[in-house]
S.K.: 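My questions all concern the structure below.
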Amino acid sequence: MPVSRRGSGSIVLPSGVTMAIHTRTHDEEDLPHATKKTMADHLRKYESLFTLTPQRMRMIVDAFRETLELGLAKPKQTVPMIPTFVFGWPNGQEVGDLLAVDLGGTNLRVCLVTLQGEGKFEITQTKYRLTEEQKQEDGQKLFDFCAECLKTFVETHLADEASGLKLQPGEKLPLGFTFSYPCSQERIDHGELIRWTKGFGAANTEGQDVAEMFRKSLAKYDLPVELTALINDTTGTLIASHYVNPKTKIAVIFGTGCNAAYMENVGAIPKIKNLGIDDDASMAINCEWGAFDSFEHEHLPRTKYDVIVDESSNKPGEQAFEKLISGRYLGEILRLVICELIDEGVLFLGQNTYKLEVPYVLDTAFLSLMESDPTDELLMIIGIFTHFFAVETTLAERQFFRALAKLIGRRAARLSACGIAAIVSKMDYLEEGCLVGADGSLYNKYPGFADRVHEGLVDIFGDKGRNIVTHHAEDGSGVGSAIIAAMTKTRKAAGLYANV
Ligand code: GLC
């Protein structure tokens, strides 16, 4: 009889539910499992594939910086460096009730934000989960759904005396629309969708003005709102983080997608010279850096697993940087490595592995859980593999999975550091230092992610890299959107660049 041990514990699943596990872990003779030695040999191979040396990182930073400059110089570049028409920083005195609709990668959120000035605010919000169909169906239908949710939200709050939301007859509430996809903007309340990212594919939307499409939906539902600003989540995060901490100069989202925004001098954006905006003015730039190295694949170290993720995605060739970093893809990269070892007969011989063979079943949240498993037996990892994929694992295999998750998560953080370093070096922020407002599930939930970004910055810049510090950002897509709507109202009322 094989010897067996019992393990027990509990894990919190990505859905938030706590699952108790009582598991027997078998010794190797029970099933033909891989041995500790073979797993260590395999791990060495993956270490060399997924590890980024400081020298390689510096090369990436140089290429990245050139790409950022090219995007500012000429329109329609791969990394589009989108002028957002958000002029300068908030002064902290922005006040009032504003609405924000946030169409992100996973959820739709509707928020009522009360800005109280001096960096203070209150927020009430409702979240709706988007279905896969909604992401792929007709775009106008998607915006209709957003308007319908906003209508329910506004009516509920207007009916509730305590909510503080009141409207004079004929009054319209300013609305910030956070639409976190690359949109090229001619004015702040306009945005032509360049391409869907993050797995969205709704028809009849690419190439269209999404602000206009949403306005149509708002009119259909007869909403007392005025779409004042179309905002990217990174721009919102930049402004909201600066509102509460003025040392913030850059914002990065590490979520389903990955992208950054920062404040640029208008004089350094040659492609908008024709607009006659003062060279000394400042404007936030939505980099859309997820597109770095798309199509050409010249600079980033892609493994064959990354190539498979790319080629089997709905947008092959696109978002090359994002596909190595963001939460949408990390779990899939790990799954592809595991599947390769199953095919080679190294893992799970004699077990039915069909559940692991489905693309995207291995959520990035599992990587977070694997890396944070505090038990010697790695009970959390036992739980994941038995409960979700119906396979048994040995301790050697579990240690291997955890080490692989670490390699993939660490590479993502170090590549992100390269992007941040490119902006820092372009803007010359290294000596004086700056804060980077960061948000998104990877940043907030992946253990050690921020530390690894910081470690990467030191590898790139040496000790001075410590001057660049990331911190958890304020809710950019809600609060940031509202602040930008308020800033825009004030700017236009003052007649400053009122046509954009
Ligand atoms: C994707 C989108 C970008 C967004 C990012 C984070 O990269 O293209 O607009 O900011 O995801 O949500």
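Read the numbers this way: they start at 1 and go in the same order the structure lists the ligands and their atoms. All values derive from a computational prediction rather than experimental measurement.
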S.K.: Return the set of residues passing ring-ring contact (aromatic ring centres under 6.0 Å, His included) with His299 (not counting sequence neighbours), or none when no residue passes.
M.R.: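 Applying ring-ring contact (aromatic ring centres under 6.0 Å, His included) to His299 gives Phe292.
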
S.K.: Establish, yes or no, whether the cationic atom of Arg109 lies under 6.0 Å from the six-membered ring centre of Phe153 and within 45° of the ring axis.
M.R.: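 The answer is no, since Arg109 fails at least one limit relative to Phe153.
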
S.K.: Determine the minimum heavy-atom distance between Tyr221 and Glu148, stating which atoms define it.
M.R.: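 Residues Tyr221 and Glu148, closest heavy atoms: OH-OE1, 3.6 Å.
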
S.K.: Could you give all pairs that pass the salt bridge (Lys or Arg N to Asp or Glu O under 4.0 Å) test and reach residues 65-78, with sequence neighbours left out?
M.R.: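 Counting only pairs at least two positions apart or across chains, the salt bridge (Lys or Arg N to Asp or Glu O under 4.0 Å) contacts touching residues 65-78 are Arg65-Glu69.
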
S.K.: Protein residues near ligand 1, heavy-atom distance below 4.0 Å?
M.R.: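 Shell around ligand 1 (4.0 Å, heavy atoms): Ser180, Tyr181, Pro182, Thr197, Lys198, Asn232, Asp233, Thr234, Ile253, Gly257, Cys258, Asn259, Glu288, Gln319, Glu322.
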
S.K.: Less than 6.0 Å separating the ring centroids of Phe179 and Tyr181?
M.R.: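 Yes; Tyr181 has its ring centre under 6.0 Å from that of Phe179.
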
S.K.: Please list all pairs meeting salt bridge (Lys or Arg N to Asp or Glu O under 4.0 Å) that have one or both residues in residues 81-91, counting only residues at least two apart or in different chains.
M.R.: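 Residue pairs with at least one partner in residues 81-91: there are none.
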
